[in-house]
Undergrad: 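Handing you this structure, nothing more for now.
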Amino acid sequence: MKLSKIYDPREMNSYQFVATTGLVMTILANLILLLLGKTVENFNALYICWLLFFTLGTIANFNSKPGGDDHHHH
C-alpha cells in the first residue's frame, strides 16, 4: 500500500483532487462567512461530503493497477 496516494497530489486520482480542492474552498468560504457574521444552515455538512468523496476516491486509487491509467500528473 503506497500511502503517498493519500497525501501527494501527484499520486491522487481525480476524485481525491476534486475533494481536496472542494475542502479548501469550503474552508475559505467558511472563513468568509465567519468574517461577515453570516451563517448558512447545514453548511458544515459539506465537510462530511468532501471527506466521503475523498475516501471513496482513495479506495478507488488503492484498487487501481499501477501504471494502468493515463494520469496527467506524471
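If you read the sequence from its start, that first residue is 1, and numbering goes on from there.
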Undergrad: In terms of hydrophobic clustering (I, L, V, M, F, W, Y; side-chain heavy atoms under 4.5 Å; direct or indirect links), are Val40 and Met25 co-clustered?
TA: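 No; Met25 is not reachable from Val40 via cluster members.
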Undergrad: Can you pull the ring-ring contact (aromatic ring centres under 6.0 Å, His included) pairs that have at least one residue in residues 23-57, sequence neighbours excluded?
TA: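 Residue pairs passing ring-ring contact (aromatic ring centres under 6.0 Å, His included), neighbours aside: Tyr15-Phe53.
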Undergrad: Can you name the residues that form a salt bridge (Lys or Arg N to Asp or Glu O under 4.0 Å) with Lys38, not counting sequence neighbours?
TA: none
Undergrad: Report the distance from atom OG1 of Thr58 to atom CG of Asn13, rounding to the nearest 0.5 Å.
TA: 7.0 Å
Undergrad: If you take all heavy atoms of Lys5 and Met12, which pair is closest and at what distance?
TA: O-CG, 4.0 Å
Undergrad: Leu46 and Leu52: same hydrophobic cluster, using ILVMFWY side-chain contacts below 4.5 Å?
TA: no
Undergrad: Quick one: are Asn44 and Asn30 in side-chain contact, heavy atoms under 4.5 Å?
TA: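 Touching, per the 4.5 Å side-chain cut-off.
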Undergrad: Taking all heavy atoms of Gly57 and all of Gln16, pick out the closest pair and write down the distance.
TA: C-CG, 3.8 Å
Undergrad: According to side-chain hydrogen bond (donor to acceptor under 3.5 Å, both in side chains), who are the partners of Thr20, at least two apart in sequence or on a separate chain?
TA: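 With sequence neighbours excluded, Thr20 shows a side-chain hydrogen bond (donor to acceptor under 3.5 Å, both in side chains) to no residue whatsoever.
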Undergrad: If you round to the nearest 0.5 Å, how far is CG of Asn61 from CG of Leu56?
TA: 12.5 Å
